[in-house]
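These notes concern the structure reproduced below.
Side-chain atoms are counted along with the backbone in the values below, which use heavy atoms only and exclude waters and symmetry mates. Atoms within a ligand are numbered from 1 in the order they appear, just like the ligands themselves. Throughout, residue positions are numbered sequentially from 1 according to the sequence presented.
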Amino acid sequence: MERDAIWVGTSWKMNKGPAASVAAANELARMSFPAAIQPFVIPPFTSLKDVCDRLSGSRVAVGAQNMHWQDEGAWTGEISPTMISECGAELVEIGHSERRTYFGETDHTVNLKVHAALRHGLRPLVCIGDTADEYSYSVTNETLARQLKVALHGVSEDDVPQVLIAYEPVWAIGASGRPADAAFVERTHNYLRKVLINIAGSSAGSAIKLLYGGSVTQDNAAGYVALPHVNGVFVGRAAWNVEHFQALAEGVIA
Ligand SMILES: O=C(CO)[C@H](O)COP(=O)(O)O
């Protein structure tokens, strides 16, 4: 993975069964992406191994959408870091707002998962975000600082640069979301960088990649990436079609 690249990725969320995932991965494997871009896709668990196999040796990194923090055990329905590694994934998404809102993910479990991912050589992609209420009460910064501090608690300065952070305002995600305006994203990412430097020190805190997500499209992606401290975008709906994904990735640096 290119250290200074702009990260452009998508989670397919609960879309694409095994056949559709394999078809998409085969298409992605044939595609080229600008050298300055680090593309990544995050398929559902049922396709993880197949997608990893098809994209192995390509420029596209593959991740899992969630995981448990234990290596094994009586945790019905869960997937462990060892299972994800064995599939060939390099990344794991942790703490997406849909998991926090509907499946009981907490700051504490996010922290356990970050440590587990790093122990297993997986790159954690930690999602943080303020709710619409928090935004309207102007406590966005407080929420994000808390989420970041707990997520990174106990992570060594050496490991911190492995972590990717995606700031995804909950009010910006999905069909009912509205994209955050660029000035707000700029202010918030500046603040996040300060918090990261405060947590991890200047060198490690500056090295962490900070992505923006929430209603990112081909029309607005380049505007976000042009902002200071926005090192990439994490895209949902607008990148589920692989040709749209490629076009969005190319457009980001056009
Ligand atoms: O996680 C996301 C990107 O995969 C995020 O939820 C944004 O989704 P979108 O609003 O459909 O882009």
Side-chain angles (χ1 to χ4, degrees), residues 6-16 20-21 24-25 28 37-45 47-48 51 55 60-67 89-103 105 110 113-114 117 123-132 134-135 140 143-144 147-148 151 163-182 184-185 188-189 192 209-225 227 230-249 251-252:
I6 295 161
W7 290 69
V8 177
T10 181
S11 161
W12 293 340
K13 305 197 181 190
M14 200 174 71
N15 298 291
K16 298 192 201 296
S21 293
L28 284 166
I37 301 289
Q38 172 57 64
F40 65 96
V41 291
I42 308 193
F45 281 120
S47 318
L48 185 60
V51 171
L55 291 175
V60 185
V62 182
Q65 295 185 14
N66 178 36
M67 69 169 196
E90 294 171 83
L91 306 169
V92 60
E93 185 180 352
I94 297 172
H96 189 277
S97 79
E98 286 146 18
R99 300 231 44 100
R100 291 179 191 256
T101 305
Y102 304 115
F103 301 102
E105 187 82 274
V110 167
K113 292 178 183 191
V114 167
R123 248 185 127 134
L125 168 58
V126 177
C127 300
I128 57 171
D130 48 328
T131 63
E134 288 162 341
Y135 175 81
T140 292
T143 296
L144 300 182
Q147 291 175 340
L148 271 185
V163 181
L164 301 159
I165 304 289
Y167 168 48
E168 302 200 313
V170 180
W171 43 269
I173 292 174
S176 57
R178 63 172 176 84
D181 67 68
F184 174 78
V185 174
T188 307
H189 276 237
L192 291 174
K209 296 287 185 186
L210 266 175
L211 281 53
Y212 171 76
S215 292
V216 173
T217 64
Q218 284 184 47
D219 293 333
N220 62 22
Y224 290 128
V225 167
L227 300 170
V230 177
N231 309 117
V233 281
F234 190 28
V235 192
R237 292 154 297 146
W240 289 341
N241 169 303
V242 285
E243 279 160 15
H244 295 173
F245 176 58
Q246 186 192 34
L248 193 148
V252 151

Taking distance alone, no hydrogens or angles, what donor-acceptor pairs closer than 3.5 Å link side-chain atoms of residues 234-244 to residues at least two apart or in another chain?
| from | atom 1 | to | atom 2 | distance (Å) |
| --- | --- | --- | --- | --- |
| R237 | NH1 | G174 | O | 3.4 |
| R237 | NH2 | G174 | O | 3.1 |
| R237 | NH2 | S215 | OG | 3.0 |
| W240 | NE1 | S11 | O | 2.8 |
| W240 | NE1 | G236 | O | 3.4 |
| N241 | OD1 | E243 | N | 2.8 |
| N241 | OD1 | H244 | N | 3.0 |

Among residues at least two apart in sequence or on other chains, which ones pass side chain to side chain contact (heavy atoms under 4.5 Å, CB included) with S21? W12, K16, P44, S47, V51
Under a 3.5 Å distance rule, please check whether Y212 uses its side chain to pair with a backbone N or O of A182 as donor and acceptor. no
I'd like to know if the side chain of Q65 and the backbone of K13 have a donor-acceptor N/O pair within less than 3.5 Å. yes
Compute the minimum heavy-atom distance from G213 to ligand 1 and say whether it is under 4.0 Å. no
Under 4.0 Å from a heavy atom of G174: give me the atoms of ligand 1 that qualify, with their elements. 9 (P), 10 (O)
Which of the numbered atoms in ligand 1 are below 4.0 angstrom from a heavy atom of S11? 4 (O)
Would you mind running through ligand 1 and noting each atom that sits below 4.0 Å from a heavy atom of I173? 6 (O), 10 (O)
Within 4.0 Å of some non-hydrogen atom of E168, the atoms of ligand 1 are 1 (O), 2 (C), 3 (C), 5 (C), 6 (O), 7 (C)
To which protein heavy atom is atom 1 (O) of ligand 1 closest, and what is the distance rounded to 0.1 Å? H96 NE2, 2.7 Å
The protein heavy atom nearest to atom 4 (O) of ligand 1 is V235 O, 3.0 Å
In this structure, atom 12 (O) of ligand 1 is nearest to the protein heavy atom G236 N, 2.9 Å
Got the closest protein heavy atom to atom 6 (O) of ligand 1, with its distance? K13 NZ, 2.6 Å
Could you check whether the rings of W171 and Y135 sit parallel, tilted or perpendicular, using 30° and 60° as the cut-offs? tilted
Taking it one step at a time, do R99 and E93 satisfy salt bridge (Lys or Arg N to Asp or Glu O under 4.0 Å)? CA-CA 10 Å; R99 300 231 44 100; E93 185 180 352; over 6 Å; no
Looking only at protein heavy atoms, which one is nearest to atom 11 (O) of ligand 1, and what is the separation? R237 NE, 2.6 Å
Given side chains that start at C-beta, do those of L248 and V233 come closer than 4.5 Å, heavy atoms only? yes
